[in-house]
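Side chains included, hydrogens not; waters and symmetry mates left out as well; all remaining heavy atoms used. For clarity, every value in this text was computed on a predicted model and none was experimentally measured. Residue numbering restarts at 1 for every chain, and letters A, B, ... go by the order of the sequence lines.
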Amino acid sequence: MKYHFNKIEAQWQKYWAENQTFRASNDSDKPKYYVLDMFPYPSGAGLHVGHPLGYIASDIYARYKRHKGFNVLHPQGYDSFGLPAEQYAIQTGQHPAVTTKENIERYREQLDKIGFSFDWSREVRTSDPDYYRWTQWIFIQLFDSWYDNKQDKARPISDLIEIFNTSGNTTVDAVCDSDVEAFSSEQWKSFSEKEQQAILLKYRLTYLAETEVNWCPQLGTVLANDEIVNGVSERGGFPVIRKKMTQWSMRISAYAERLLQGLQQIDWSDSLKESQRNWIGKSRGAMVTFQVKDYDHTIEVFTTRPDTIFGVTFMTLAPEHELVDIITTPQRKKAVEDYKKAAAQRSERERMADVKTISGVFTGAYAIHPFTKEPVPIWIGDYVLAGYGTGAVMAVPCGDQRDYDFARHFAGEPGMPKIKNIFRDADLSQSAHVSTPQTHIDHSDFLTGLPWKEALRVSIQKLEETNQGYGKINYRLRDAVFSRQRYWGEPFPVYYVDGMPQMIAQEHLPIRLPQVEKYLPTEQGDPPLGNSSMWAWDTKRNEVVANQEIDHQTVFPLELNTMPGWAGSSWYFFRYMDPHNEKEFVSKESQAYWENVDLYIGGSEHATGHLLYARFWTKFLKDRGWVSVEEPFKKLINQGMILGNSAFVYRLEGQNTFISHNKIGDHRVQPIHVDVSLVNTSNELDLEAFRNWRAEYKDANFILDDQGRYLVGREVEKMSKSKYNVVNPDDICQQYGADTLRMYEMFLGPLEQAKPWNTAGISGVHAFLKKLWNLYHNDEGFFVSEEKASQDSLRTLHKTIKKVTEDIENFHFNTAISTFMICVNELSAQKCNQREVLEPLAILVAPYAPHIAEELWKQLGHHQSVSEAPYPEFEQEHLVESQKEYPISFNGKVRFTMTLPLNLNKEEIEKQVMQHEKTQKQLEGRSPKKVIVVPGRIVNIVG
RNA sequence: GCCUUGGUGGCGGAAUUGGUAGACGCGCUGGAUUCAAAAUCCAGUGACUUCGGUCGUGUGGGUUCGAUUCCCACCCAAGGUACCA
């Protein structure tokens with residue numbers, strides 16, 4: 001009887017949907033288990049074969065846990081705000097909500113075909129007003145909170161106001177802006193309402209601040225680093241400059257230490273934890289204050305090596321540093337201005353990546369060394385980034401390679417003194433000195449002669465004594481910018497009274513996105529929401545009203561920015577616990593039942609973005625008492641990305657002629673991504689299809705190779721619509737079935753490893769499922785016997801149970817599938833058709849290939865879904881071994897094997913091996929120096 | 001540049017704690033079946049070889065009786081690098 005996968009799969013998908021087989025209850029006697037996928041952004045390209053990789057893995061695990069008797073929550077939803085829908089709207093005028101809805105429908109259709117056990121009754125969409133009202137609500141709570149270092153938690157802002165009223169701010173130890181001045185309770189009370197609000201803003205966990213952005217004047221918009229290629233915008237190729245803008249920020253830095261410490265209690269891979277540790281970047285050192293010569297200004301620097309303070313040869317400020325314009329001397333003005341302009345045109349990433357080009361310019365100004373009181377020249381250089389630390393460094397060329405390179409590059413120029421060497425016996429002729437435990441400090445007044453670690457301690461002490469600095473723990477983690485000049489994101493529940501932000505009361509949420517005519521920034525350079533004529537807040541009627549009603553008395557302008565993509569994804573895992581609650585973002589009871597995510601699966605590209613923000617918000621919600629957990633995700637697995645196999649055509653520079661990859665030679669060409677569907681497996685381009693692909697290639701000319709073919713170049717890279725390398729899974733479901741797709745994606749390789757997509761090999765997995773089917777069927781139909789199974793078959797079954805269970809617990813799905821293949825091959829050879837073996841086998845396979853398992857289960861006479869069957873137990877008695885085939889090696893090389901009983905001890909094994917004729921032959925009369933016997937493993941004869 | 005991960009046959013990959021390198025699958029070769037093809041089944045398949053063996057897990061060193069596995073240095077690829085998701 002044939003295996004009709006299409007029919008079987010459609011039937012069971014319908015059954016699961018109609019019977020709500022996978023609906024999770026918030027009330028159960030079983031232990032709970034929460035399995036979550038990182039929800040997808042519904043892109044216009046549809047689901048690609050990379051998405052299901054993680055979903056299949058989590059689905060296998062969720063189904064496995066159900067067999068093991070758990071109440072499993074396995075939901076799915078959509079991260080549906082984002083830039084691509086907005087760009088599509090800009091190009092076509094189509095409202096992003098419409099495109100997004102269509103894309104979601106397409107995703108759902110595709111997901112349904114793969115047979116996932118999602119509880120769709122809990123679906124969430126971040127762009128749904130019923131969802132984003134709670135994102136707005138959380139924003140308001142952040143605004144209403146400050147971080148108390150003494151209690152090491154976030155507290156309501158009302159507590160802080162009370163403290164200010166009773167004792168001013170001098171007793172408060174809070175995380176706040178660096179420019180807060182001390183005030184008493186009397187002073188606080190004497191401030192105007194506006195002054196008080198301005199001060200509070202410096203303490204709130206979300207606050208307004210000036211931050212740098214990539215500004216593209218021609219597009220009139222801010223760009224992500226990702227949208228900038230070689231210093232110009234990806235769209236249009238326009239210049240991009242760095243510019244300051246007032247934006248909402250999140251005080252994630254308040255949580256730096258807890259985010260670091262929390263890593264110890266969660267089950268994530270060491271590499272991922274390491275990434276987060278490096279991102280948080282905790283370092284110990286000192287803040288040092290340098291007075292600027294002839295000015296009433298100081299430069300603050302953070303250094304991890306205050307012990308090298310006497311080695312300071314010059315100082316470097318970021319070109320954007322606020323003092324640059326003030327202190328630059330008239331003679332240096334032009335050079336500094338030119339340099340600043342050039343630096344503004346380089347993205348932060350370029351500046352970090354490019355260490356070969358050393359650039360900088362002397363300001364003509366000097367700082368005063370805190371101890372020697374000698375003048376220290378002040379330079380600017382773009383290797384110092386404004387956003388890092390204080391945007392200024394003290395340069396010690398003898399101990400830091402970048403400073404060394406900078407000093408060498410500008411040696412002899414005005415303002416660049418000779419390198420000061422403060423290390424005893426250090427050779428500076430080639431490079432900076434690398435400190436070791438033996439390093440001692442020299443030529444450094446009170447530090448001379450000390451080992452550097454000791455000098456570190458003394459230098460901080462001295463800085464503190466002389467009030468010129470203090471020991472400090474610094475974090476690389478910066479506060480997170482929370483404003484986007486975009487349309488398709490959550491609107492802020494914020495209006496402005498006299499320039500000060502005010503929150504809209506929570507009962508009036510959600511504040512819905514307004515309709516706009518155009519999704520581009522306004523002509524004045526305001527964000528897209530500035531195009532709306534209905535974007536003002538009436539504080540009397542508590543509703544959004546027309547802009548013309550703004551009177552700054554009762555009707556005020558609303559915030560024009562929207563929230564970033566990570567807002568909605570920082571808390572969605574809580575919403576699945578209680579998705580339809582209209583009173584709270586999640587009820588206390590639901591959250592207490594589900595706690596947090598037991599298993600989270602998603603791509604490693606989120607290692608430091610989403611995963612850090614979600615941890616931050618969870619900790620905040622815990623502090624304020626809305627949830628009971630400190631960490632959102634107990635265990636996390638990063639599925640490796642399925643990479644695309646991009647294809648390239650090569651355009652001769654400045655022409656509309658394309659040259660075959662194997663003919664490029666010395667031609668100057670521009671590689672252009674071409675849709676992989678236009679290329680066959682031999683890398684040959686379909687020229688007709690290419691001409692029809694896009695209007696600009698209609699009249700393209702080609703230089704073909706000697707066989708008359710146009711060959712494309714190939715490159716493995718991330719699958720994305722813009723690279724035209726997306727492969728979608730629908731065709732595979734159609735041709736081979738969902739069970740084959742599920743097993744093939746798992747069989748491709750280790751879950752955590754990145755791998756390029758390739759369908760070669762899928763036939764092997766499909767053949768396996770057919771063989772599995774044939775164990776239960778003969779030509780006539782279902783054919784399973786009630787007789788006792790053979791010892792061999794039971795052995796095969798239990799060997800399989802053992803290995804597959806170990807593999808699933810360790811997420812080694814690829815080897816589990818080879819184990820299934822071996823099992824089915826063995827059972828076929830044994831002609832096994834006994835229920836005793838085939839019934840447990842159907843359950844074992846069910847998490848991987850649920851459709852075929854359901855069908856076999858039904859044919860075996862069951863009326864319930866196989867997903868409710870208990871997992872088979874492993875029985876050791878079927879696998880007892882008494883003999884071992886020992887490899888016998890000579891000097892580490894295996895020469896032959898011999899079978900010996902497993903109960904022999906070392907001496908008995910050695911005796912038997914030495915008596916063997918082949919041993920004597922190998923030794924050719926020599927007596928061995930040593931015989932190493934590892935019982936149950938190997939014998940090695942040395943000599 | 002920096003951080004993280006990876007590099008094993010023609011290809012995807014396997015190898016539990018340092019113990020027979022290449023499981024399982026694809027591909028390829030030969031055979032059976034067929035009028036023929038598809039499908040299926042059987043056998044072989046790391047390279048070299050004077051058929052004794054020799055070499056072989058990115059490159060070069062090291063530790064060890066024994067290294068894909070541990071250590072050092074380097075090369076290459078992918079992901080991230082704070083406004084793509």
Could I get a table of every N or O pair under 3.5 Å where one atom is in the protein and the other is in nucleotides 71-78 of chain B?
none

Polar pairs (N or O, both sides) under 3.5 Å between protein and nucleotides 2-7 of chain B?
unit_1, atom_1, unit_2, atom_2, d
B:C3, O3', A:Asn278, ND2, 2.8
B:C3, O2', A:Asn278, ND2, 3.0

Protein-nucleic acid N or O pairs under 3.5 Å, nucleotides 23-28 of chain B:
unit_1, atom_1, unit_2, atom_2, d
B:G25, OP1, A:Asn825, ND2, 3.1
B:C26, O2', A:Gly761, N, 3.3

Which protein N or O atoms sit under 3.5 Å from an N or O of nucleotides 51-56 of chain B?
unit_1, atom_1, unit_2, atom_2, d
B:U54, OP2, A:Arg895, NH1, 3.4

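Between the CD atom of A:Gln639 and the P atom of B:G80 there is a distance of 13 Å, rounded to whole Å. For the pair A:Ile252 CD1 and B:C83 P, the computed distance is 11 Å after rounding to whole Å. Remark: P of B:A85 and OH of A:Tyr613 are 12 Å apart, rounded to the nearest angstrom. In this entry the distance linking CD of A:Glu605 with P of B:A82 reads 15 Å, nearest Å. Rounded to whole angstrom, the span from the CZ atom of A:Phe39 across to the P atom of B:A85 amounts to 12 Å.
Straight-line distance between the P atoms of B:G58 and B:G10: roughly 14 Å, to the nearest whole Å. Spacing between B:G25 and B:G18 at atom C1', rounded to whole Å, works out to 29 Å. Remark: the separation of the C1' atoms in B:C48 and B:G9 is 14 Å, to the nearest Å. A gap of 42 Å separates the C1' atoms of B:U40 and B:G52, to the nearest Å.
Put simply, A:Lys755 has no side-chain N or O that comes within less than 4.0 Å of OP1 or OP2 on B:G12. Using a 4.0 Å cut-off, some side-chain N or O of A:Arg484 falls inside it from OP1 or OP2 of B:C83.
With sequence neighbours left out, the side-chain contact (heavy atoms from CB on, under 4.5 Å) criterion links A:Leu83 to A:Gln87, A:Glu227, A:Arg486. For A:Tyr207, the side-chain hydrogen bond (donor to acceptor under 3.5 Å, both in side chains) partners two or more places apart in sequence, or in a different chain, are A:Asp479. Checked against side-chain hydrogen bond (donor to acceptor under 3.5 Å, both in side chains), A:Tyr3 has no partners two or more places apart in sequence or in another chain.
Residues of residues 208-217 of chain A that place a heavy atom closer than 4.0 Å to RNA chain B, in numerical order, are A:Val213.
Residues in residues 930-943 of chain A take part in these side chain to side chain donor-acceptor pair (under 3.5 Å) pairs, two or more places apart or across chains: A:Ser889-A:Asn940. Within the structure, side chain to side chain donor-acceptor pair (under 3.5 Å) contacts touching residues 739-756 of chain A (residues at least two apart or in different chains) are A:Asp59-A:Arg742, A:Asp739-A:His851, A:Thr740-A:His766.
Looking at heavy-atom distances under 4.0 Å, A:Asn810 makes no contact with the nucleic acid at all. Among the heavy atoms of the strands, none lies under 4.0 Å from A:Pro40.
Side-chain proximity of A:Lys770 to the nucleotides B:A39, B:G19, B:C11 is greatest for B:A39.
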Just list the side-chain donor-acceptor pairs under 3.5 Å for residues 269-276 of chain A, sequence neighbours left out, or say none.
unit_1, atom_1, unit_2, atom_2, d
A:Ser269, OG, A:Ser271, OG, 3.2
A:Ser269, OG, A:Leu272, N, 3.2
A:Lys273, NZ, A:Leu263, O, 3.0
A:Lys273, NZ, A:Ile266, O, 2.8
A:Glu274, OE1, A:Arg277, NH1, 3.0
A:Ser275, OG, A:Ser271, O, 3.2
A:Gln276, OE1, A:Arg615, NH1, 2.7
A:Gln276, NE2, A:Ala607, O, 2.8

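Between A:Phe492 and A:Phe482, the ring planes are perpendicular. Angles over 60° get that label, and only those under 30° would be called parallel.
A salt bridge is defined here as a Lys NZ or Arg NE, NH1 or NH2 lying under 4.0 Å from an Asp or Glu carboxylate O, and A:Arg242 with A:Glu212 meets this definition.
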Exercise for the section: Using a 3.5 Å limit on both pairing distances, list the dot-bracket string of RNA chain B from the 5' end; Watson-Crick and G-U wobble pairs count, crossing pairs take [ ], interstrand pairs take |. Expected result: (((((((..(((......[....)))((((((.......))))))(((....)))..(((((..]....))))))))))))....
